[in-house]
Structure formats: C-alpha cells, structure tokens
Amino acid sequence: MSGQNPVTPDAEGLAAAAKAAGKEAGKRGGLPPVHLWNPPFCGDLDIRIARDGSWHYLGTPFNRFELVKLFASILKLEDGKYFLVTPVEKVGITVEDAPFVGVDFEAAGQGRDQLITFTTNIGDTAAAGPEHPVRVERDGSSGEPAPYVMVRAGLEALIDRKSFYRLVELGEHHDGWFGVWSGGAFFPLIPSPELEAD
C-alpha cells in the first residue's frame with residue numbers, strides 16, 4: 001500500500017482538477033494531454049452524455065456550457081468505455097451513443113478536392129479525411145442511418161439529421177456507393193443500388 005487515501009469520485013473535485021489541467025494545456029495552445037495520463041480508476045460518476053449531446057449529472061442537465069467544454073476536454077475512450085481523466089484520477093461515465101454531435105459543417109472545393117469541416121456541439125472542428133473518417137451505421141430493424149465523424153482520439157460525433165441531409169446533397173456515386181469526398185478520401189454513405197431502387 002502506498003499510504004494514500006483512495007479518491008472518492010466527485011464532480012466538483014474533478015472539475016477543479018480539469019480546470020488546472022486545462023490551464024496548463026492552454027499555455028501550450030491545445031487540449032489537456034489525456035493520452036499521457038494513466039491515473040488509478042476511482043469509480044463511476046453519475047454523468048451521462050445523452051444521444052442529443054446533452055450532459056447530465058445525477059439526472060439533471062448541465063446548465064453551464066463552460067463546464068461541458070471543460071469535461072469534454074478531459075474525455076478519454078479506453079477499451080470501449082468512456083472516462084473523465086485528470087493527472088490524478090479516472091472516473092467512468094455513461095455515453096448513450098457518441099460523446100459529441102456534429103451540428104454543422106462547411107464544404108470547400110468540389111469532387112475529389114472537396115474538404116468538409118464539421119463543427120460539434122461543443123465547438124470542436126474536424127476536417128473529414130483519413131484522420132477524421134466519416135462512417136454510417138444502419139439500424140438493424142429500421143434501416144435508419146446513423147452517420148458519425150471522428151473528432152479526436154477515438155471520440156466520434158453523431159452527425160445530426162439536418163447536417164446529414166446537407167451532406168447527402170454533396171454526394172456522388174463511386175465504386176458502387178453513394179458518398180462524399182473530403183480530404184482526398186471517399187466516404188460511402190449509402191449503397192448505390194439502394195438509391196437507384198427508390
């Protein structure tokens with residue numbers, strides 16, 4: 001035993017530690033280096049990110065956007081589970097679908113030279129391409145598409161419906177798929193035969 005008392009997960013303490021880590025990262029001009037932190041697991045906190053991207057603590061929605069941004073900056077995905085991580089503690093949280101929502105995008109250029117840059121509900125941006133791929137999951141029973149874009153370090157954004165419809169307007173057929181080009185890569189959205197059947 002190290003003689004240290006175990007840390008009990010607490011949202012306020014976690015926020016204070018995240019703020020301190022954020023100040024350090026801010027000096028270097030980026031997000032906290034959560035990929036370098038491997039503190040002991042301290043248990044789960046009753047924090048949930050709903051499918052619509054809203055954050056909840058003990059069943060109550062967060063009402064401060066700054067706190068959502070702060071916690072989102074220390075979010076980490078490990079072995080399919082989501083954690084909030086500081087240099088001294090790691091706590092598990094629940095994510096219903098993806099931790100972020102793609103709420104808008106800008107497209108520049110056309111065809112293979114096109115670049116699509118998504119903006120998330122917390123203000124992050126991700127330019128779709130090999131490092132930030134777009135993928136579509138289909139619901140097994142309804143066939144309803146759920147499109148995602150990789151934001152950072154395994155953390156994805158669910159692309160909202162209005163943005164997905166706009167994305168489809170930019171699409172073209174390629175190798176049996178209807179999809180979009182961005183950052184020199186083609187991202188399939190819907191099999192071409194399904195569109196031709198409609």
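Just so you know, these numbers come straight off a predicted model, no measurement behind them.
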Would you indicate whether the side-chain heavy atoms of [Y] and [X] approach each other to under 4.5 Å?
| X | Y | answer |
| --- | --- | --- |
| Trp37 | Pro32 | yes |
| Leu155 | Phe100 | yes |
| Gln110 | Glu172 | no |
| Asp124 | Arg152 | yes |
| Pro39 | Val85 | yes |
| Leu158 | Arg51 | yes |
| Pro191 | Trp177 | yes |
| Val101 | Thr120 | no |

Kindly work out whether a path of hydrophobic side-chain contacts (I/L/V/M/F/W/Y, heavy atoms less than 4.5 Å apart) joins [X] to [Y].
| X | Y | answer |
| --- | --- | --- |
| Val95 | Phe62 | yes |
| Ile74 | Phe65 | yes |
| Val91 | Leu36 | yes |
| Ile49 | Leu77 | yes |

Exercise. Does CD in Glu131 sit with more than 12 non-hydrogen atoms of other residues, nucleotides or ligands closer than 6.0 Å?
Worked result: no

For this session: Look at atom CD of Glu96 and say whether more than 12 heavy atoms of other residues, nucleotides or ligands are closer to it than 6.0 Å.
Result: yes

Taking all non-hydrogen atoms of both residues, which atom of [X] and which atom of [Y] are closest, and how far apart?
| X | Y | answer |
| --- | --- | --- |
| Arg166 | Phe105 | NH2-O, 3.1 Å |
| Pro147 | Phe164 | CG-CD1, 3.4 Å |
| Ala128 | Val134 | CB-CG2, 3.8 Å |
| Ile122 | Lys69 | O-NZ, 2.8 Å |
| Ser163 | Gly102 | OG-O, 4.0 Å |
| Leu170 | Ala107 | CD1-CB, 3.8 Å |

For this session: Give the intermediate values and the outcome of side-chain contact (heavy atoms from CB on, under 4.5 Å) for residues Leu84 and Ile47.
Result: CA-CA 10 Å; Leu84 297 178; Ile47 291 180; 3.9 Å; yes

Using atom types as modelled and distance alone, determine if a side-chain donor or acceptor of [X] lies under 3.5 Å from a backbone N or O of [Y].
| X | Y | result |
| --- | --- | --- |
| Lys76 | Phe83 | no |
| Lys162 | Val103 | yes |
| Thr125 | Thr119 | no |
| His132 | Met150 | yes |
| Gln114 | Trp181 | yes |

[atom2] on [Y] to [atom1] on [X], rounded to 0.5 Å:
| X | Y | atom1 | atom2 | result |
| --- | --- | --- | --- | --- |
| Ile159 | Leu189 | CD1 | CG | 8.0 Å |
| Asp160 | Leu167 | CG | CG | 10.5 Å |
| Arg64 | Phe71 | CZ | CZ | 9.0 Å |
| Leu58 | Asp46 | CG | CG | 5.0 Å |
| Ser73 | Leu31 | OG | CG | 6.5 Å |
| Trp55 | Leu70 | CH2 | CG | 9.0 Å |

Exercise. Are Glu194 and Arg138 close enough for a salt bridge, meaning some N to O gap below 4.0 Å?
Worked result: yes

Problem set entry | side-chain contact (heavy atoms from CB on, under 4.5 Å) assessment of Leu75 paired with Ile93 | CA-CA 9 Å; Leu75 189 59; Ile93 66 167; 3.7 Å; yes

For this session: Go through the steps for Leu67 and Tyr57 under the test side-chain contact (heavy atoms from CB on, under 4.5 Å), then give the verdict.
Result: CA-CA 11 Å; Leu67 193 58; Tyr57 178 55; over 6 Å; no

Exercise. Is the Lys NZ or Arg CZ of Lys90 less than 6.0 Å from the centre of Phe41's six-membered ring, within 45° of the axis?
Worked result: no

